[in-house]
There are 2 protein chains.
Amino acid sequence: MSRAADHAYAEIRSLILSGDAPPGAPLTEEQMADLCGVSRTPVRDALRRLEVELYVVRSDSQRLFVADWSREDVDEMFTLRGMLEAHAAARAARRFDAIALDALRDCNAAIERAVGEATPDIAGFLDANRIFHRIIVETAQSPRLAATLATLVEQPVVRRTALHYGREQLAQSAQEHRELITAFEAHDADWAHGVMSAHIRRAFHAFASHVATRASAV
Amino acid sequence: MSRAADHAYAEIRSLILSGDAPPGAPLTEEQMADLCGVSRTPVRDALRRLEVELYVVRSDSQRLFVADWSREDVDEMFTLRGMLEAHAAARAARRFDAIALDALRDCNAAIERAVGEATPDIAGFLDANRIFHRIIVETAQSPRLAATLATLVEQPVVRRTALHYGREQLAQSAQEHRELITAFEAHDADWAHGVMSAHIRRAFHAFASHVATRASAV
DNA sequence: AGCGACGTTATTGTATACAAATAGCTTGCG
DNA sequence: CGCAAGCTATTTGTATACAATAACGTCGCT
């Protein structure tokens, strides 16, 4: 895509993900333009994209703010993601060939490596995990499904979730990935559907209990 | 929203829906700007929105074209819509109150009226049908779900589908709507889920058989 | 002191000019 | 005659200036 608009998108997105622009913070086009060193035009494009992806929300009079997710919002997102990604897994199970399976196994090996180290490499886990899920969605060969899943803001929530994973949760996740691979090897759509559905639900529970812990600690 | 951008959006959208801009036709910003009597800036916004809603597709070098749906694409859209809207119906079943139910019954009365006439009022049916489904999605109280469903391009395909409905298909649709209302009155989420799922699948089959008929006729 | 109208200021919407990139054609070479 | 390289024209990307609109604070009135 375009150079400046992409740069602005990445810049603003990382601003949000890093927490420098906390939920509820106003985002004016001019500030963002100054920050990114480009004019308002590409910034507008970037903000539109971030709006579609629900990183930012628009007030009734067109002002933009960093999105704030309530507990219900997160619940919703994980529910939708679980539904759609389980469907993707089922479709993918019927379509996996040797090449895609190899890629998936490689990716899983990277995940196990990241988790297996003395101090788990969370960033490495996240990257490999994202690729793992992406391979499955791509294998499902359903552009609309892929697009819908992509706009479901997985990233922000997923990151915040796994950032607080303990060793046993990482191991559990890896275990589920292994079972998914087995289901794919067997081309068993129902099996893959069930495992993926449980996989996402477990991630949500890990997130929810983490939030509950923090809430009670405060 | 903004005046000019909204106008451009509506104009280009109707251009696509009417068929004046057939699938595959290139849409240049300048032509659209001339057509709508505004500058390229609001046209860009409008085209971005239409792109998200899959009315237009972007080539690898940023040129935009009217989207063309293959048989698989339509299959995909109906599958996703069925999954999501059945979920919405289940959620809505737990949340329907007297007021929303009344609105739904009123809407259904309008549908029956449109279908019951000597010559079925397809346009009236479509409008009322859209409201019927909208009430359900709104009652589900899930903004993300609503947004996801909205971007699933229901309208173009739905319109083209029902335009060729025969009297018995319209009656069948109305029958399913009545059953949905009964399920909602009983707050039976599973029932609502099943009926809605079947309802969408039936719409898809009607569409698919229509296409098959036309294809064999040609 | 509370409340409302007004003016100021900040922010977004739109238009236009220009730069960059891309596709398509033309021309020259093998 | 086919193909490739380069040029031209078309199209999109970006910057900037200006217009419209909405938020906010101020001043005056009751």
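Just so you know, these numbers use all the heavy atoms, side chains as well, and skip hydrogens, waters and symmetry mates. Reminder, nothing fancy here: chain letters follow the sequence lines and each chain counts from 1. Everything numeric in this text was worked out from a predicted model, so none of it was measured.
Separating the CG atom of A:Leu64 from the P atom of D:dA23 is a distance of 14 Å, rounded to the nearest angstrom. When rounded to the nearest whole Å, the span between CG of A:Leu27 and P of C:dT12 equals 9 Å. Summarising the geometry, the separation between CG on B:Asp45 and C1' on D:dT12 is reported as 15 Å, rounded to the nearest angstrom. Computed from coordinates, the B:Glu30 CD to D:dG13 P distance equals 14 Å when rounded to whole Å. With rounding to whole Å, A:Arg49 atom CZ is found 12 Å from D:dG13 atom P. Put simply, CD on A:Gln31 is 15 Å from C1' on C:dT9, counting in whole angstrom units. We find that NE2 of B:His7 is positioned 18 Å from P of C:dG13, with the value rounded to whole Å. Rounded to whole Å, atom P of C:dT12 lies 10 Å from atom CZ of A:Arg48.
Along DNA chain D, the nucleotide closest to A:Pro42 and the one closest to A:Ser59 are compared, and the more 5′ of them pairs with A:Pro42. Of the two residues near DNA chain C, A:Arg63 and A:Thr41, the one whose nearest nucleotide lies more 5' is A:Arg63. When each of B:Glu29 and A:Val38 is assigned the nucleotide of DNA chain D bearing its nearest heavy atom, the one mapping closer to the 5' terminus is B:Glu29.
Listed candidates were D:dA17, D:dA15, D:dT12. Nearest to the side chain of A:Arg40 is D:dA17.
Between A:Phe125 and A:Tyr165, the ring planes are tilted. Angles from 30° to 60° get that label. Using cut-offs of 30° and 60° for the angle between ring planes, the A:His199 and A:His133 rings count as parallel.
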Would you sort out whether B:Ile200 and B:Phe204 count as a side-chain contact (heavy atoms from CB on, under 4.5 Å), showing the intermediate values?
CA-CA 6 Å; B:Ile200 306 289; B:Phe204 172 59; 5.8 Å; no
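Formation of a donor-acceptor pair under 3.5 Å by the A:Arg91 side chain with backbone atoms of A:Gln141 is found in this model.
The shortest distance between the side-chain N/O atoms of B:Gln62 and the OP1/OP2 oxygens of C:dA21 is not below 4.0 Å. Listed pair A:Ser61 / D:dA23 meets the phosphate criterion, a side-chain N or O lying under 4.0 Å from OP1 or OP2. Put simply, B:Arg44 has a side-chain N or O that comes within less than 4.0 Å of OP1 or OP2 on D:dG13. In this model, the phosphate group of C:dG13 is not approached by any side-chain N or O of B:Arg3 to a distance below 4.0 Å at OP1 or OP2.
B:Ile136 contributes atom CD1, which lies 12.0 Å from atom CZ of B:Arg134 (distance to the nearest 0.5 angstrom).
At the heavy-atom level, A:Leu47 lies nowhere under 4.0 Å from the strands shown.
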